[in-house]
There are 2 protein chains.
Amino acid sequence: MPTSPDACAQEILDVVPVVMRTIRAEMRRHRTADLSVPQFRTLAFIDRQTDASLSDVAEHIGLTLPSMSKIVEGLVARKLVTRQTHATDRRRMMLALTARGQTALQTSREATRACLAEDLAGLTERQRETIGQAMEILRPVFTPQGEVEKQVRKIIER
Amino acid sequence: MPTSPDACAQEILDVVPVVMRTIRAEMRRHRTADLSVPQFRTLAFIDRQTDASLSDVAEHIGLTLPSMSKIVEGLVARKLVTRQTHATDRRRMMLALTARGQTALQTSREATRACLAEDLAGLTERQRETIGQAMEILRPVFTPQGEVEKQVRKIIER
DNA sequence: TATTGTTATACTCTATAACTATA
DNA sequence: TATAGTTATAGAGTATAACAATA
């Protein structure tokens, strides 16, 4: 197997959209929680980091502020997220999950994971290990980072 | 690293959307060709399989017929694809790339691949090999297949 | 003046349902 | 009657630009 950056990029470009299609389709199919991928990721981030600001979420998910604002608006309308203003800096939002939000996240996470897991059950342990390793390699490469972290990483890499 | 189907599914669910974001963003950034991911995939499929029908493309990309119809409509309007009726079965479309379509596909493919490759250049050959292997494992698992092929696979798997 | 967030606007993606044309 | 595709309609995701409120 070729290992040039170009060949690897080509593989990713071929396969990742296909996997993504399946994830979307399966999330849509679970009418219980019925979350889109961005909604799901937003809930997951707020769950990890309670009282995150809108900017925090937008940056981490990799969306613009207006896009994130709209997504959060929808989640608030569905009572999955609460939006409070920060006590001392009243420009900031403090986002948190409601009980319903936590349930929805849990339900969707498990249902989607179960569907994907079913698709993966036909593989060997060795194959799943390879996939897991690849994901762990890809994660930091494509995870958006704050400006500070980016600078730090650049400096470290020199 | 855990190798259960569930753990593997969780990894994919964490990482694939992040990679996808980057792919979309980079495709948008190349104003030369300016293709969305579905447009790109549609062009790529028609390039591989000239005179494909709309149903062929829809099934392979994993979209409904109306969705695919709309995407193709846009590509035809931009003169990247031609749409002719089949000689003997006049219900069928015969889709093909124009010269402009081939150029756009080539341009977009190379620009996006180059950007991804740049992100991957910091990895070791060994790491890229792992990614390549993982993609080759995932490809058949998530590639939509025709009904016949699905049946055949089910039978073989028994 | 800089930062945080929202509103306005516009486009693409995507689905379901209803329809047309052809076989 | 069944198949190939289009049209109608609706909603989500996304961006840029312009704006409002707060620091």
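Predicted model, so just to flag it, every value in this text is computed and none were measured. Worth knowing before you read on, the calculation uses all heavy atoms, side chains too, and leaves out hydrogens, waters and symmetry mates.
Look at S36(B) and you won't find any side-chain N or O under 4.0 angstrom from OP1 or OP2 of dT12(C). Remark: S69(B) is in phosphate contact with dT6(D), judged by side-chain N or O atoms under 4.0 Å from OP1 or OP2. Phosphate contact (OP1/OP2 of dG5(C), side-chain N/O of S55(A), threshold under 4.0 Å): present. For dT14(D), the OP1/OP2 oxygens have no side-chain nitrogen or oxygen of T64(A) closer than 4.0 Å. Between S67(B) and dC13(C) there is no side-chain N or O to OP1 or OP2 distance below 4.0 Å.
When the C1' atom of dG13(D) is taken as reference, atom CZ of R21(B) falls 9 Å away, rounded to whole Å. Rounded to whole angstrom, the span from the NZ atom of K70(A) across to the C1' atom of dT4(C) amounts to 19 Å. R92(B) has its CZ atom 6 Å from the P atom of dG5(D), to the nearest Å. What separates CD1 of I23(A) from P of dA12(D) is a distance of 21 Å, to the nearest Å. Taking atom CZ on R24(B) and atom P on dG13(D), their separation rounds to 12 Å, with Å as the unit. In this structure, E59(A) places its CD atom 15 Å from C1' of dG5(C), rounding to the nearest Å. For the pair R28(A) CZ and dG11(D) C1', the computed distance is 12 Å after rounding to whole Å. Following rounding to the nearest Å, L65(B) (CG) and dA2(D) (P) show an atom-to-atom distance of 17 Å.
No side-chain donor-acceptor contact under 3.5 Å links R24(A) to the backbone of V37(A). In this structure, the side chain of S108(A) does not engage the main chain of A104(A) through any donor-acceptor pair within 3.5 Å.
Taking NZ of K70(B) as the reference point, atom CG of L63(B) lies at 12.5 Å (rounded to 0.5 Å).
Counting any heavy atom pair closer than 4.0 Å across all strands shown, M68(B) reaches no nucleic acid atom. At the heavy-atom level, R83(A) lies under 4.0 Å from the strands shown only through sugar-phosphate atoms. Within the nucleic acid shown, L54(A) comes within 4.0 Å of sugar-phosphate atoms alone, with no base atom in reach, counting heavy atoms only.
Here the rule is side-chain hydrogen bond (donor to acceptor under 3.5 Å, both in side chains) with T3(B), and of R126(A), E125(A), R128(A), E129(A) only E125(A) fits it.
Ion pair E136(B)/R139(B) flagged as a salt bridge, since at least one NZ, NE, NH1 or NH2 atom sits closer than 4.0 Å to an Asp/Glu carboxylate oxygen.
Put simply, the side chain of L120(A) reaches to within 4.5 Å of the side chain of L123(A), judged on heavy atoms.
No donor-acceptor contact under 3.5 angstrom links the side chains of Q10(A) and D6(A), judged on distance only.
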Practice task
Spell out protein contact along nucleotides 18-23 of chain C as letters: B when the base is contacted, S when just the sugar-phosphate is, - when no protein heavy atom is under 4.0 Å; keep the 5' to 3' order.
Solution key: ---BBS
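Mapped onto DNA chain D by nearest heavy atom, M94(B) and L63(A) fall at different nucleotides, with M94(B) at the one closer to the 5' end.
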